[in-house]
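Working notes, structure below.
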Amino acid sequence: MPSPSQLRLAAARLSRPPGSYAYRLSSNPQVFKTEPPACAPRSGSLNRTTFLSVKQQAAKMSTMQASHGHNQACCNIPPVVSKGYSAKGTYEEIDGFKTYVTGPSTAKKGILVIYDIFGYFEQTLQGADILATSSSEEYKVVIPDWFKGEPCPIEWYPPNTEEKQKNLGAFFGKNPPPGVAGKLPEYVKALKEKTGVQEWAILGFCWGGKVVSLVTSGDQNPFVVGAECHPAMVDPKEAEGIKIPLILLASKEEPEDKVKEFEEKLKVAKHVETFKDQIHGWMAARSDLSDARVKEEYIRGYKTVLDFFAKNWKA
(Lines give C-alpha, C1' and ligand atoms only; values in the text may rest on other atoms or scores of the structure.)
Protein backbone atom coordinates (compact mmCIF):
# COMPACT_ATOMS: atom_id res chain seq x y z
CA MET A 1 0.00 0.00 0.00
CA PRO A 2 1.54 3.39 -0.98
CA SER A 3 2.12 5.92 1.77
CA PRO A 4 0.12 9.19 1.95
CA SER A 5 3.19 11.11 0.79
CA GLN A 6 3.58 8.83 -2.23
CA LEU A 7 -0.09 9.25 -3.13
CA ARG A 8 0.21 13.02 -2.87
CA LEU A 9 3.22 12.86 -5.16
CA ALA A 10 1.25 10.81 -7.69
CA ALA A 11 -1.64 13.27 -7.52
CA ALA A 12 0.75 16.13 -8.17
CA ARG A 13 2.03 14.52 -11.37
CA LEU A 14 -0.95 15.44 -13.50
CA SER A 15 -0.29 15.68 -17.20
CA ARG A 16 -2.90 14.74 -19.76
CA PRO A 17 -4.19 16.16 -23.04
CA PRO A 18 -6.63 19.12 -22.98
CA GLY A 19 -9.88 18.29 -21.22
CA SER A 20 -8.46 15.39 -19.23
CA TYR A 21 -7.21 16.42 -15.81
CA ALA A 22 -5.86 13.11 -14.67
CA TYR A 23 -3.14 11.26 -12.92
CA ARG A 24 0.09 10.81 -14.82
CA LEU A 25 2.30 7.83 -14.21
CA SER A 26 4.37 8.63 -11.14
CA SER A 27 8.12 8.41 -11.32
CA ASN A 28 7.88 6.21 -8.23
CA PRO A 29 6.89 2.74 -9.50
CA GLN A 30 5.68 1.73 -6.05
CA VAL A 31 2.82 4.22 -6.25
CA PHE A 32 1.21 3.10 -9.50
CA LYS A 33 2.47 0.42 -11.87
CA THR A 34 0.48 1.81 -14.76
CA GLU A 35 -1.32 5.00 -15.59
CA PRO A 36 -3.93 5.94 -12.94
CA PRO A 37 -7.41 7.33 -13.51
CA ALA A 38 -8.08 10.00 -16.09
CA CYS A 39 -11.68 10.50 -15.03
CA ALA A 40 -11.84 14.17 -14.20
CA PRO A 41 -14.43 16.62 -15.51
CA ARG A 42 -13.33 18.86 -18.33
CA SER A 43 -12.65 22.26 -16.80
CA GLY A 44 -9.91 24.64 -15.84
CA SER A 45 -6.95 26.23 -17.60
CA LEU A 46 -4.15 24.48 -19.45
CA ASN A 47 -0.40 24.89 -19.19
CA ARG A 48 0.98 24.65 -22.73
CA THR A 49 4.32 23.36 -21.50
CA THR A 50 2.56 20.51 -19.69
CA PHE A 51 -0.18 19.45 -22.07
CA LEU A 52 -0.14 18.31 -25.69
CA SER A 53 -1.02 21.03 -28.14
CA VAL A 54 -4.49 21.31 -29.59
CA LYS A 55 -2.93 20.56 -32.96
CA GLN A 56 -1.48 17.31 -31.68
CA GLN A 57 -4.83 16.33 -30.20
CA ALA A 58 -6.65 17.08 -33.43
CA ALA A 59 -4.22 14.82 -35.25
CA LYS A 60 -5.13 11.99 -32.87
CA MET A 61 -8.88 12.37 -33.26
CA SER A 62 -10.98 10.48 -35.77
CA THR A 63 -14.61 10.88 -36.68
CA MET A 64 -14.68 7.42 -38.21
CA GLN A 65 -16.34 4.45 -36.57
CA ALA A 66 -14.06 2.58 -34.17
CA SER A 67 -11.70 0.00 -35.58
CA HIS A 68 -13.55 -3.21 -34.71
CA GLY A 69 -17.11 -3.69 -35.95
CA HIS A 70 -20.00 -5.32 -34.13
CA ASN A 71 -23.54 -6.40 -34.75
CA GLN A 72 -25.85 -3.66 -33.56
CA ALA A 73 -29.03 -5.65 -34.15
CA CYS A 74 -29.03 -7.05 -30.62
CA CYS A 75 -30.36 -3.94 -28.96
CA ASN A 76 -33.22 -1.47 -28.90
CA ILE A 77 -31.90 1.44 -26.85
CA PRO A 78 -34.53 4.03 -25.89
CA PRO A 79 -33.95 7.74 -26.61
CA VAL A 80 -31.03 8.98 -24.50
CA VAL A 81 -31.76 12.01 -22.31
CA SER A 82 -29.06 14.68 -22.57
CA LYS A 83 -29.73 16.41 -19.23
CA GLY A 84 -32.06 15.90 -16.29
CA TYR A 85 -32.39 12.13 -16.60
CA SER A 86 -34.86 10.51 -14.20
CA ALA A 87 -33.48 7.15 -13.11
CA LYS A 88 -35.83 4.16 -13.36
CA GLY A 89 -34.40 2.10 -10.53
CA THR A 90 -34.51 2.17 -6.74
CA TYR A 91 -31.95 2.05 -3.95
CA GLU A 92 -31.70 -0.98 -1.68
CA GLU A 93 -29.21 -2.16 0.92
CA ILE A 94 -27.26 -5.26 -0.10
CA ASP A 95 -24.44 -6.69 2.02
CA GLY A 96 -24.27 -3.42 3.94
CA PHE A 97 -23.93 -1.24 0.83
CA LYS A 98 -26.47 1.16 -0.61
CA THR A 99 -27.10 -0.22 -4.09
CA TYR A 100 -28.87 1.15 -7.15
CA VAL A 101 -31.09 -1.63 -8.55
CA THR A 102 -32.82 -1.56 -11.92
CA GLY A 103 -34.29 -4.06 -14.36
CA PRO A 104 -37.24 -6.46 -14.51
CA SER A 105 -38.09 -8.73 -11.57
CA THR A 106 -38.22 -11.66 -14.01
CA ALA A 107 -34.56 -11.31 -15.02
CA LYS A 108 -32.47 -14.48 -14.78
CA LYS A 109 -29.13 -12.77 -15.39
CA GLY A 110 -27.54 -9.74 -13.78
CA ILE A 111 -24.89 -7.09 -14.46
CA LEU A 112 -22.92 -5.56 -11.60
CA VAL A 113 -21.65 -2.09 -12.53
CA ILE A 114 -18.62 -0.51 -10.87
CA TYR A 115 -18.97 3.26 -11.22
CA ASP A 116 -16.13 5.72 -11.75
CA ILE A 117 -14.71 7.88 -8.94
CA PHE A 118 -17.61 10.36 -9.16
CA GLY A 119 -20.21 7.83 -8.01
CA TYR A 120 -23.89 8.04 -8.91
CA PHE A 121 -23.87 10.51 -11.82
CA GLU A 122 -26.99 10.59 -14.01
CA GLN A 123 -25.03 9.50 -17.10
CA THR A 124 -23.96 6.36 -15.23
CA LEU A 125 -27.47 5.65 -13.92
CA GLN A 126 -28.92 6.11 -17.40
CA GLY A 127 -26.33 3.64 -18.65
CA ALA A 128 -27.44 1.11 -16.04
CA ASP A 129 -31.06 1.51 -17.14
CA ILE A 130 -29.99 1.04 -20.77
CA LEU A 131 -28.26 -2.23 -19.87
CA ALA A 132 -31.39 -3.42 -18.05
CA THR A 133 -33.97 -2.57 -20.70
CA SER A 134 -32.40 -2.58 -24.16
CA SER A 135 -31.54 -6.21 -24.92
CA SER A 136 -33.71 -9.16 -25.87
CA GLU A 137 -32.18 -10.71 -22.73
CA GLU A 138 -33.54 -9.36 -19.44
CA TYR A 139 -30.92 -8.17 -16.96
CA LYS A 140 -31.06 -7.10 -13.35
CA VAL A 141 -28.46 -4.32 -13.03
CA VAL A 142 -26.94 -3.09 -9.77
CA ILE A 143 -24.45 -0.38 -8.80
CA PRO A 144 -23.10 -0.69 -5.24
CA ASP A 145 -21.98 2.48 -3.49
CA TRP A 146 -18.44 1.46 -2.58
CA PHE A 147 -17.66 5.03 -1.50
CA LYS A 148 -20.50 4.99 1.07
CA GLY A 149 -21.82 8.40 0.06
CA GLU A 150 -18.40 10.01 -0.28
CA PRO A 151 -17.37 9.96 -3.98
CA CYS A 152 -14.67 12.22 -5.35
CA PRO A 153 -16.10 15.77 -5.48
CA ILE A 154 -15.99 17.44 -8.88
CA GLU A 155 -14.70 20.57 -7.17
CA TRP A 156 -11.34 18.86 -6.60
CA TYR A 157 -10.67 19.06 -10.32
CA PRO A 158 -8.50 20.44 -11.67
CA PRO A 159 -6.14 19.56 -8.79
CA ASN A 160 -4.30 22.86 -9.08
CA THR A 161 -3.71 23.50 -5.39
CA GLU A 162 -1.78 21.65 -2.73
CA GLU A 163 -4.99 21.09 -0.78
CA LYS A 164 -6.74 19.46 -3.76
CA GLN A 165 -3.73 17.23 -4.42
CA LYS A 166 -3.67 16.18 -0.79
CA ASN A 167 -7.40 15.42 -0.89
CA LEU A 168 -7.05 13.33 -4.03
CA GLY A 169 -4.13 11.38 -2.64
CA ALA A 170 -6.18 10.60 0.46
CA PHE A 171 -9.19 9.59 -1.68
CA PHE A 172 -7.26 7.04 -3.73
CA GLY A 173 -5.50 5.79 -0.63
CA LYS A 174 -8.87 5.20 1.01
CA ASN A 175 -10.41 3.61 -2.11
CA PRO A 176 -7.82 1.41 -3.85
CA PRO A 177 -9.23 -0.92 -6.56
CA PRO A 178 -7.83 -4.07 -4.87
CA GLY A 179 -9.95 -3.30 -1.82
CA VAL A 180 -13.18 -3.38 -3.82
CA ALA A 181 -12.09 -6.40 -5.86
CA GLY A 182 -11.58 -8.29 -2.61
CA LYS A 183 -15.12 -7.51 -1.43
CA LEU A 184 -16.85 -8.66 -4.60
CA PRO A 185 -17.05 -12.45 -4.02
CA GLU A 186 -18.96 -11.99 -0.76
CA TYR A 187 -21.05 -9.17 -2.19
CA VAL A 188 -22.12 -11.37 -5.13
CA LYS A 189 -23.17 -14.12 -2.70
CA ALA A 190 -25.41 -11.61 -0.92
CA LEU A 191 -26.65 -10.34 -4.28
CA LYS A 192 -27.71 -13.82 -5.37
CA GLU A 193 -29.61 -14.33 -2.13
CA LYS A 194 -31.27 -10.92 -2.28
CA THR A 195 -32.30 -10.93 -5.94
CA GLY A 196 -32.54 -14.62 -6.77
CA VAL A 197 -30.38 -13.98 -9.86
CA GLN A 198 -27.62 -16.58 -9.93
CA GLU A 199 -25.48 -15.54 -12.92
CA TRP A 200 -23.67 -12.20 -12.98
CA ALA A 201 -21.56 -10.18 -15.36
CA ILE A 202 -19.39 -7.24 -14.30
CA LEU A 203 -18.84 -3.90 -16.02
CA GLY A 204 -16.46 -1.21 -14.74
CA PHE A 205 -15.83 2.40 -15.74
CA CYS A 206 -12.42 4.08 -15.32
CA TRP A 207 -11.35 3.21 -11.74
CA GLY A 208 -13.96 0.43 -11.94
CA GLY A 209 -12.27 -1.03 -15.01
CA LYS A 210 -9.22 -1.74 -12.90
CA VAL A 211 -11.47 -3.52 -10.40
CA VAL A 212 -12.78 -5.72 -13.23
CA SER A 213 -9.27 -6.77 -14.26
CA LEU A 214 -8.34 -7.60 -10.68
CA VAL A 215 -11.40 -9.65 -9.77
CA THR A 216 -11.70 -11.56 -13.06
CA SER A 217 -8.04 -12.57 -12.88
CA GLY A 218 -8.33 -13.66 -9.26
CA ASP A 219 -8.90 -17.10 -7.78
CA GLN A 220 -12.39 -16.23 -6.43
CA ASN A 221 -13.88 -14.62 -9.53
CA PRO A 222 -17.71 -14.89 -9.26
CA PHE A 223 -18.56 -13.52 -12.75
CA VAL A 224 -19.30 -15.23 -16.08
CA VAL A 225 -18.43 -12.34 -18.45
CA GLY A 226 -16.84 -8.92 -18.02
CA ALA A 227 -16.55 -5.45 -19.55
CA GLU A 228 -14.15 -2.55 -19.04
CA CYS A 229 -15.10 0.85 -20.43
CA HIS A 230 -12.38 3.53 -20.67
CA PRO A 231 -10.45 1.63 -17.97
CA ALA A 232 -7.81 3.24 -15.77
CA MET A 233 -4.39 1.75 -15.05
CA VAL A 234 -4.44 -0.77 -17.91
CA ASP A 235 -1.95 -3.51 -17.04
CA PRO A 236 -1.30 -6.18 -19.71
CA LYS A 237 0.06 -8.54 -17.06
CA GLU A 238 -3.44 -8.84 -15.59
CA ALA A 239 -4.88 -9.84 -18.98
CA GLU A 240 -3.00 -13.13 -18.90
CA GLY A 241 -4.92 -14.28 -15.82
CA ILE A 242 -8.44 -13.20 -16.81
CA LYS A 243 -10.63 -16.29 -16.88
CA ILE A 244 -13.86 -15.13 -18.53
CA PRO A 245 -14.86 -13.53 -21.85
CA LEU A 246 -13.97 -9.84 -21.74
CA ILE A 247 -14.77 -6.72 -23.73
CA LEU A 248 -12.60 -3.62 -23.37
CA LEU A 249 -13.71 -0.30 -24.88
CA ALA A 250 -10.94 2.29 -24.77
CA SER A 251 -11.04 6.02 -25.39
CA LYS A 252 -8.44 8.09 -27.24
CA GLU A 253 -6.81 8.76 -23.87
CA GLU A 254 -5.88 5.24 -22.78
CA PRO A 255 -2.28 4.34 -23.73
CA GLU A 256 -2.53 2.73 -27.16
CA ASP A 257 0.43 0.43 -26.60
CA LYS A 258 -0.96 -0.82 -23.28
CA VAL A 259 -4.38 -1.51 -24.79
CA LYS A 260 -2.84 -3.40 -27.71
CA GLU A 261 -0.64 -5.50 -25.44
CA PHE A 262 -3.60 -6.16 -23.12
CA GLU A 263 -5.59 -7.48 -26.09
CA GLU A 264 -2.72 -9.69 -27.25
CA LYS A 265 -2.37 -11.27 -23.82
CA LEU A 266 -6.04 -12.08 -23.31
CA LYS A 267 -6.54 -15.83 -23.66
CA VAL A 268 -10.34 -15.76 -23.57
CA ALA A 269 -13.11 -14.67 -25.95
CA LYS A 270 -12.55 -10.94 -26.37
CA HIS A 271 -13.51 -7.73 -28.09
CA VAL A 272 -11.09 -4.79 -27.76
CA GLU A 273 -11.98 -1.54 -29.47
CA THR A 274 -10.84 2.08 -29.31
CA PHE A 275 -13.33 4.91 -29.75
CA LYS A 276 -10.75 7.23 -31.24
CA ASP A 277 -12.59 10.54 -30.94
CA GLN A 278 -13.97 10.04 -27.42
CA ILE A 279 -12.53 11.23 -24.11
CA HIS A 280 -11.88 9.01 -21.12
CA GLY A 281 -15.26 8.78 -19.40
CA TRP A 282 -17.59 9.12 -22.40
CA MET A 283 -19.84 6.27 -21.17
CA ALA A 284 -20.07 7.48 -17.57
CA ALA A 285 -19.83 10.66 -15.48
CA ARG A 286 -17.78 12.72 -17.95
CA SER A 287 -20.10 12.11 -20.88
CA ASP A 288 -21.40 15.34 -22.45
CA LEU A 289 -24.64 13.98 -23.86
CA SER A 290 -25.62 17.39 -25.23
CA ASP A 291 -22.93 16.79 -27.88
CA ALA A 292 -24.46 14.78 -30.74
CA ARG A 293 -21.27 12.86 -31.50
CA VAL A 294 -20.69 11.95 -27.85
CA LYS A 295 -24.30 10.78 -27.53
CA GLU A 296 -23.91 8.66 -30.67
CA GLU A 297 -20.82 6.93 -29.31
CA TYR A 298 -22.32 6.62 -25.81
CA ILE A 299 -25.18 4.67 -27.38
CA ARG A 300 -22.85 2.61 -29.57
CA GLY A 301 -20.70 1.77 -26.57
CA TYR A 302 -23.64 0.29 -24.66
CA LYS A 303 -24.83 -1.57 -27.76
CA THR A 304 -21.37 -3.07 -28.18
CA VAL A 305 -21.29 -4.27 -24.57
CA LEU A 306 -24.76 -5.80 -24.78
CA ASP A 307 -23.94 -7.53 -28.05
CA PHE A 308 -20.78 -9.04 -26.57
CA PHE A 309 -22.64 -10.23 -23.49
CA ALA A 310 -25.35 -11.83 -25.65
CA LYS A 311 -22.76 -13.72 -27.71
CA ASN A 312 -20.44 -14.79 -24.91
CA TRP A 313 -22.58 -15.42 -21.83
CA LYS A 314 -22.17 -19.11 -21.19
CA ALA A 315 -25.36 -20.96 -20.29
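What you are looking at is a predicted structure, and each value in this text was computed from that prediction instead of being measured.
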Report task. Could you check Lys108 against Glu138 for salt bridge (Lys or Arg N to Asp or Glu O under 4.0 Å), going step by step and ending with a plain yes or no? Result -> CA-CA 7 Å; Lys108 302 299 183 185; Glu138 294 183 335; over 6 Å; no
Query raised in the report: Who pairs with Glu264 by side chain to side chain donor-acceptor pair (under 3.5 Å), at least two apart in sequence or on another chain?
Result: none
Report task. Determine whether the side chains of Thr102 and Asp129 contain a donor N or O and an acceptor N or O closer than 3.5 Å. Result -> yes
Requested in this report: Test side-chain contact (heavy atoms from CB on, under 4.5 Å) on Arg293 and Gln278 and set out the steps.
Outcome: CA-CA 9 Å; Arg293 177 60 179 169; Gln278 294 303 302; 3.9 Å; yes
Requested in this report: State which residues pass side chain to side chain donor-acceptor pair (under 3.5 Å) with Tyr91; sequence neighbours excluded, sorted by chain then number.
Outcome: none
Requested in this report: Would you check, one step at a time, whether the test side-chain contact (heavy atoms from CB on, under 4.5 Å) holds for Val224 with Ile244?
Outcome: CA-CA 6 Å; Val224 298; Ile244 59 174; 5.6 Å; no
Query raised in the report: For the residue pair Phe171 and Phe147, is the inter-centroid distance of their aromatic rings smaller than 6.0 Å?
Result: yes
Query - Ring centers of Tyr115, Phe205 separated by less than 6.0 Å - result: no
Requested in this report: Using the test side chain to side chain donor-acceptor pair (under 3.5 Å), find all partners of Thr216 that sit at least two apart in sequence or belong to another chain.
Outcome: none
Query raised in the report: Please walk me through it: do Thr99 and Tyr187 pass side-chain hydrogen bond (donor to acceptor under 3.5 Å, both in side chains)?
Result: CA-CA 11 Å; Thr99 301; Tyr187 182 87; 2.8 Å; yes
Requested in this report: Evaluate the criterion side-chain hydrogen bond (donor to acceptor under 3.5 Å, both in side chains) for residue pair Glu254 and His280; output intermediate values, then yes/no.
Outcome: CA-CA 7 Å; Glu254 279 74 73; His280 181 101; 2.4 Å; yes
Query raised in the report: Are Trp146 and Phe97 near enough that their ring centres are under 6.0 Å apart?
Result: yes
Query raised in the report: Does one hydrophobic cluster hold both Tyr85 and Phe121, with members joined at side-chain heavy-atom distances below 4.5 Å?
Result: no
Requested in this report: For the pair Asp145 and Tyr100, evaluate side-chain hydrogen bond (donor to acceptor under 3.5 Å, both in side chains) and give the outcome as yes or no after the intermediate values.
Outcome: CA-CA 8 Å; Asp145 186 15; Tyr100 180 74; over 6 Å; no
